[in-house]
There are 2 protein chains.
Amino acid sequence: MDFRLLKHFITLSDTLHFGRASELCHTSPSTLSRSLQQLENELATTLIERDNRHVSLTPQGMHFQRYARDTLDQWETIKRTLADEAAQLTGDISIYCSVTASYSFLYELLSDFRLQHPGIEFKLHTGDPANAMNRVLSGDDDMAITPRPRTPPPALAFKSLTRSSLVFIAPTSPAEWLPHTPESSTAQQWETVPMILSEAGLSREYADTWFRALGVTPRIYAQVAGHEAIVSMVGLGFGVGVVPKIVLDNSPLAESVKILHVKPELPYYDVGLCVLNRRLKRPRIQALWEAVSERRP
Amino acid sequence: MDFRLLKHFITLSDTLHFGRASELCHTSPSTLSRSLQQLENELATTLIERDNRHVSLTPQGMHFQRYARDTLDQWETIKRTLADEAAQLTGDISIYCSVTASYSFLYELLSDFRLQHPGIEFKLHTGDPANAMNRVLSGDDDMAITPRPRTPPPALAFKSLTRSSLVFIAPTSPAEWLPHTPESSTAQQWETVPMILSEAGLSREYADTWFRALGVTPRIYAQVAGHEAIVSMVGLGFGVGVVPKIVLDNSPLAESVKILHVKPELPYYDVGLCVLNRRLKRPRIQALWEAVSERRP
DNA sequence: GACGCCTATTGCGTAAAACGCTATATTTGC
DNA sequence: GCAAATATAGCGTTTTACGCAATAGGCGTC
């Protein structure tokens, strides 16, 4: 069923005259006759009673006329609607990040963008930054805020937002296992410290590297998913943790812990936004990506 | 826009895979690809984001998917509806007849038919029987109950319902101009009688013929449209009228008038149903026509 | 009552378009 | 890095659609 058939039928049912209708449709009477035949075959119904001299609608024809008009109207409506939607970006963008990132970066990142593109909805998923890249690679989320790995997968595009340092944190309450001179680290003063580390992710890798350089196998008290939980456990006095400083700055438990200024310091790392290269073709993703580039000159 | 494009799009948006969708559509992947291109061209929008390895719906695609499903649903619905309507006759049948006919014939004519074809509505127009054939010939009404003329127009089909005689009627109240011996008519006793006749139609023609045979030019007191009004005027004592006996039999004023048994008697005539031959092709008209044939064995 | 006009329909030759096969480019997983 | 997967463009063939001209039938008119 082609919409041209509907147009032909409507014109015909308005004029009740094949010759005049064919002119209005910019076609020949024979084409119009065949259009109507095709329509009536598909519907297995007579829509227009006609002979060489008279043309009139059957009851079914009147009914079908309403259908045809509605259908063409709806077609015009969807065309206009889709054009409007294309002009104004719409759809969802899902972002995966840590709770900390949702506090610290996101507002700044999205506040302007939301005003500029009110048709776009954001779906925010928070969780352990260690999963961030996989969530993007698997397509579960469009974007993620994550520490930039040393060698990002080629399918991902990366954009730095800020740098942050990893820090050791200890409870402010006293504990006998606290290293006495964290500024000059010795192996033996760290061997008995109960450590609270990430299960995985860059902070864990950096911490492991740090201990290996010191020649120490740390006593791991707990492995935690999510940096925020590390702050909690350290604040409760369970041990010493390693977290990005930015997590500490945004933590409501910052008072319960203190930074241990160890030597050598843990490395800085980039925190940035990542996205699948191929999703950058999506207009709304591309728009956000570029908005991030142009932010804060 | 062809509905096949919509089907292709829906299958594609369900499977998100050109190969599998093409099998479901019983076509080739290249056809499917071109269907989608055509659709996107007509809509000037990207519906499906795709590369050699991934297929996904855009926001517009999701919106259009709803439209496409609705549209195909509506198409199936109208097909079913029209098929039902075709199985059960529907539409209007308009009938023109005199008030008398509407009392006397119509109930009998239509009562069974209405039960058998509840989808058909009747539009009843009453008026002077003299107009009946013209109403049908011009297409204003589908059918009419009318006296059968001596030579019916070739475009009309005719079917007798009953015979009726024309009668002279006079007021029951005395009047000096009343013919004293209607049974043996003489010219002079009729010349002064105030006659109340139809303006036109068969009853008028027959009356004229009757008077001409008698060699009398009647004194016409009033020319009336509609036999029922003749009974009224005669009942009020204005003169002598000529009406079909059946009108008298159905008149509430029958008590106010009496039949004059004139010699020679006015002729009988057929009262029947007429319809345009070409309208007999309409199923509902044909059904009624045949129901009339089979009525009352 | 025969003739001529009007008009929907059909036959047929041509034009267009749609289809499927194949090759290609590109991506992904091992 | 290689092989498998897959959407798409090119191209030859088939199918479909179009319009012209002829046909058939109804209707008004002389």
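Numbered from 1 within each chain, the chains take letters A, B, ... in sequence-line order.
- Between A:Arg4 and the phosphate of D:dA17, there is no side-chain N or O to OP1/OP2 separation shorter than 4.0 Å.
- Taking a 6.0 Å sphere around NZ of A:Lys159, one finds it holds more than 12 heavy atoms contributed by other residues, nucleotides or ligands.
- A donor-acceptor contact closer than 3.5 angstrom links the side chains of B:Ser56 and A:Arg282.
- The stretch residues 29-37 of chain B touches DNA chain C through B:Ser30, B:Thr31, B:Arg34, each having a heavy atom within less than 4.0 Å of the strand.
- Looking only at atom types and distance, the side chain of A:His125 has a donor-acceptor partner in the side chain of A:Arg135 under 3.5 Å away.
- Between B:Arg204 and B:Asp208, at least one side-chain N (NZ, or NE/NH1/NH2) sits under 4.0 Å from a carboxylate O, which counts as a salt bridge.
- In this structure, the side chain of A:Glu42 does not engage the main chain of B:Lys79 through any donor-acceptor pair within 3.5 Å.
- Along DNA chain C, the stretch of nucleotides lying under 4.0 Å from any heavy atom of chain B spans, 5' to 3', C:dA18 to C:dT28.
- The stretch residues 44-56 of chain B touches DNA chain C through B:Asn52, B:Arg53, B:His54, each having a heavy atom within less than 4.0 Å of the strand.
- For the pair B:Asn277 CG and D:dG25 C1', the interatomic distance rounds to 14 Å; values are reported in whole Å.
- Side-chain contact between A:Leu47 and A:Leu57 is absent, with no heavy atoms from C-beta onward closer than 4.5 Å.
- Checking B:Arg4 against B:Ser35 by side-chain atom types alone, no donor-acceptor pair falls below 3.5 Å.
- One can place CG of B:Leu39 at 13 Å from P of D:dT8, the figure rounded to the nearest angstrom.
- Look at CG on B:Leu12: it is 13 Å from P on D:dT6, rounded to the nearest Å.
- Along DNA chain D, the nucleotide nearest to B:Arg20 and the one nearest to B:Ala155 differ in position, and the one closer to the 5' end is contacted by B:Arg20.
- Remark: the B:His227 side chain and the B:Ser203 side chain contain an N/O donor-acceptor pair separated by less than 3.5 Å.
- The interatomic distance linking A:Asp2 (CG) with D:dT16 (P) rounds to 15 Å, in whole Å.
- In the model, B:Ser13 has a side-chain atom that pairs as donor or acceptor with a side-chain atom of B:Gln65 under 3.5 Å.
- Heavy-atom contacts from other residues, nucleotides or ligands closer than 6.0 Å to CD of B:Glu290 number more than 12.
- Looking at heavy atoms from C-beta onward, A:Leu6 lies in side-chain contact with A:Phe64 at the 4.5 angstrom threshold.
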